[in-house]
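Notes to accompany the following structure.
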Amino acid sequence: MNIDDVLKIFIAESQELLQQMEDALLQIEQNPQDPDLINAIFRAAHTIKGSAGLFGLDTIVSFTHVAESVLDRIRSGELAFDDVLAALFLKVCDHLNGLVSHIAAGLSLDDLDTAAQEQGMSLVASLSQYFAFPLIAPSTADETDAVVAREPGEAPSEHWHLSLRFGPDVLRNGMDPLAFLRYLNTFGRIVHIVTLTEHVPAAADMDPETNYLGFELAFETTASKETIEGAFEFVREDSLIRILPPDSKTVDYIQLINELPEEDLRLGEMLVRCGTLTQAELDDALRKQAEPESPSEPIGQILINEQAVQPPVINAALQKQKQVKESRSAEGNLIRVDANKLDQLINLIGELIIAGAGTQLIAQQSGMAELVESTGVLSRLVEEVRDSALTLRMVQIGTTFNRFQRVVRDVSKEIGKDIVLEITGGETELDKTVVEKIGDPLTHLVRNSMDHGIEPAAVRLERGKPVQGTVRLNAYHESSSIVIEVSDDGGGLNRDRILRKAIERGLVNDGQNLTDKEIFNLIFEPGFSTADQVSSLSGRGVGMDVVKKNITALRGSVELDSVEGVGTTTRIRLPLTLAIIDGFLIGVGKASYVVPLDMVEECIELTSDQSSAARQSRSDYLDLRGDALPFVRLRELFAIDDEPPRRENVVVVNYAGNRAGLVVDQLMGEFQTVIKPLGKIFDNNRALGGFTILGSGSVALILSVPGMISAIAQRQPALSSAAIPTLS
Amino acid sequence: MSEAVAQSCHRVALDGPLTIYTAADSKPKLLEPLQAGQEVEFDLAGVDEFDSAGLQLLILAKREAARLDCRLSLCNHSPAVVELLELSGLASFFGDPLLIQPHSA
């Protein structure tokens with residue numbers, strides 16, 4: 001394994017852990033005593049420190065160590081989380097994030113800029129205040145309590161004794177045994193070390209990439225046994241690691257000698273050399289060992305019998321092992337895959353669908369029933385493959401939502417409003433690319449809600465609302481779209497003010513008759529801001545139009561509902577996937593078009609009589625069971641010259657509650673559509689969403705229903721009931 | 001890797017990293033010179049990276065030398081080598097004079 005790959009994993013893992021840490025920190029403000037949260041924060045810090053040590057990232061190790069020490073005190077109940085401490089740890093989180101991204105950018109931590117260094121130093125200083133005594137002073141009260149005071153004649157060790165036999169594959173796995181020693185030195189001191197060289201075989205048998213080294217060492221530290229064990233977390237499985245606390249009983253050393261692969265005498269000698277045992281005690285121990293004992297008791301029991309460790313310590317150790325095991329098994333169910341590989345897979349499936357459609361066409365033309373049948377089976381399977389491949393890219397939006405806890409917390413402090421974020425529908429899934437791109441627009445909307453939406457506390461009290469404002473994020477599926485809502489219980493939009501401003505800016509004419517909704521949605525127009533005061537966050541008139549542009553680029557749409565004095569809801573509607581859809585193939589003249597199938601509501605026939613009636617009355621509306629249905633003739637829209645057939649069809653499409661009819665010649669049925677993007681030149685054409693390749697090899701344009709509906713809606717309504725031809 | 005023969009002492013200058021990444025290539029390079037003479041000296045000044053795998057190879061070389069009745073000594077230890085020898089407590093195993101680093105108190 002290449003070290004760079006491992007480093008990449010380290011970076012990804014650290015970022016994940018930091019995210020978890022941040023989430024836990026945000027929750028802990030509500031729930032300062034929750035042991036699960038405290039443990040989660042501690043574990044994150046601990047694991048980052050451990051892995052950073054493996055890479056020799058001393059800056060991270062020493063910084064995290066300070067943070068971890070404070071967390072340790074919190075965990076043991078000596079300190080409690082309060083707002084100040086949580087805020088401090090959020091900064092710690094940020095600083096670590098900064099350090100990790102510094103490494104991710106391929107830079108060395110040695111050339112960190114001074115600002116970051118100072119930040120680290122000031123954080124360490126603030127953290128240090130939480131030590132009751134200076135860092136160096138022994139904080140091992142728990143340790144010494146756990147071990148019964150040494151009786152005279154017992155082993156005279158002041159130090160921990162570590163026996164390390166690293167597995168043969170550690171080097172190949174990208175870990176350096178000596179790096180572990182280096183790491184030990186970051187939180188303690190190796191008093192004495194014996195490196196075992198005798199396992200290095202003769203030259204002919206020696207594999208230079210296999211590890212043969214082992215170590216016996218006396219280690220002086222104030223850290224807990226867990227911390228020392230934690231150092232070896234990544235090699236524990238295939239290595240033999242034995243850690244004996246200071247003042248262990250002689251019998252423990254016997255146990256140790258029994259367990260280790262080397263010869264007893266040689267081991268004893270090493271213990272003596274490490275200063276763990278005296279020669280006399282060694283002799284005594286070896287003699288005792290020769291005497292028959294009752295070895296049936298498990299080691300934990302023996303340790304407890306000998307009062308070397310108290311039951312809680314053992315329980316804690318077992319608990320920890322269990323946790324590690326559980327998280328391992330969960331990890332076993334997940335595979336990290338390069339997003340590019342997934343994209344490639346989806347592209348291939350796209351090609352497969354196109355090729356499949358071609359085959360099916362040939363089969364139908366050949367008229368061989370068997371061939372048609374077998375291509376039918378094939379296309380069903382391809383469809384299933386497509387669906388499962390697309391779900392691979394689906395991620396829950398909850399992670400993105402949770403990030404806003406931090407945004408809301410920070411911004412509410414900054415602008416001095418008490419605002420809480422409520423999240424629902426976090427389990428709703430959508431395409432990863434969409435999730436990535438939706439972050440910025442959402443941030444803008446959330447900030448907008450907080451800055452302009454939620455009123456100052458005094459105004460809220462006056463209006464009889466709770467002082468604490470609420471911003472809500474919600475997501476749900478609706479036909480083939482995902483809907484993301486950002487809502488607040490703030491002041492709502494002032495209809496008249498928006499209209500006045502719009503007229504001022506020449507966006508609408510004075511006499512124009514607009515619905516409330518149309519007026520509210522004016523704020524998505526470029527250069528529109530209703531904020532009387534420009535704040536640091538928003539209100540400079542750039543923003544909402546950018547939000548809209550971003551969302552339109554994802555083939556989505558955005559709309560806004562507001563009730564003055566009650567609140568505002570912004571609704572973003574996005575397609576579930578960006579690559580492959582179920583389409584409905586329609587034909588006009590010789591050309592084919594595709595409409596996303598989920599948006600097709602029904603198809604009705606348009607007889608030539610009806611058509612000409614509509615033409616004569618110059619209205620583009622049909623009566624669909626009593627409702628006016630605006631329609632558009634694709635023949636005219638795309639300027640297709642040939643004569644319309646005697647019978648035309650109307651495809652009724654629905655998007656976001658708006659319906660429209662598309663007048664076409666032919667209905668050709670369902671078609672799996674691989675969306676290919678159109679060139680830049682078509683960017684301004686809102687009626688087109690892309691193109692696709694049919695089985696015959698010809699090209700079909702994909703109609704963008706949202707674009708068409710809004711184009712139809714913008715036509716000046718010239719509605720009179722007399723002009724509506726009746727559909728029978 | 002350059003070799004220079006000075007009298008009976010066979011001096012080999014090791015250059016570049018001596019780590020897990022180069023271990024497979026380095027093994028023969030370390031062992032071959034031992035066949036050549038009764039006194040071999042490895043000049044470690046150019047070893048800019050050094051890890052456990054490199055340390056193992058030096059241990060192996062030292063032991064092989066003893067088996068072949070060849071006196072192997074190490075000199076001009078680079079800082080990377082010194083650091084690991086001190087960390088592993090193996091300086092005395094090789095028994096070569098080592099420049100004491102200013103930081104190692």
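Chain identifiers are assigned alphabetically (A, B, ...) following the order of the sequence lines, protein sequences preceding nucleic acid strands; residue numbering begins at 1 within each chain.
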Let me know if B:Leu87 has heavy atoms under 4.5 Å from chain A in its side chain, its backbone, both or neither. both

Does any non-hydrogen side-chain atom of B:Leu57 lie less than 4.5 Å from one of A:Met206? yes

Picking from A:Thr197, A:Ile193, A:Val194, what satisfies side-chain contact (heavy atoms from CB on, under 4.5 Å) with B:Leu90? A:Thr197

Interface residue of largest heavy-atom contact number with chain A, from B:Gln56, B:Arg63, B:Lys27, under 4.5 Å: B:Gln56

Testing the basics here: between A:Pro208 and B:Ala24, what is the closest heavy-atom pair and its distance to 0.1 Å? CG-CA, 3.7 Å

Rounded distance (nearest 0.5 Å) linking atom CG of A:Leu178 with atom OG of B:Ser52: 3.5 Å

How many angstroms lie between CG in B:Leu84 and CG in A:Asp176, if you round to the nearest 0.5 Å? 7.0 Å

May I ask you to name which of A:Leu181, A:Asp207, A:Ile190, A:Val200 has the most heavy-atom pairs under 4.5 Å with chain B? A:Val200

Do any N or O atoms from the side chain of A:Thr195 and from the backbone of B:Gly89 form a donor-acceptor pair under 3.5 angstrom? no

Quick one: CG on A:Asn211 to CD1 on B:Ile20, what's the gap to the nearest 0.5 Å? 9.0 Å

May I ask you to name which of B:Leu60, B:Ile59, B:Asp51 has the most heavy-atom pairs under 4.5 Å with chain A? B:Leu60

Among residues 64-72 of chain B, which residues come closer than 4.5 Å to chain A, judged by heavy atom distances? B:Glu64

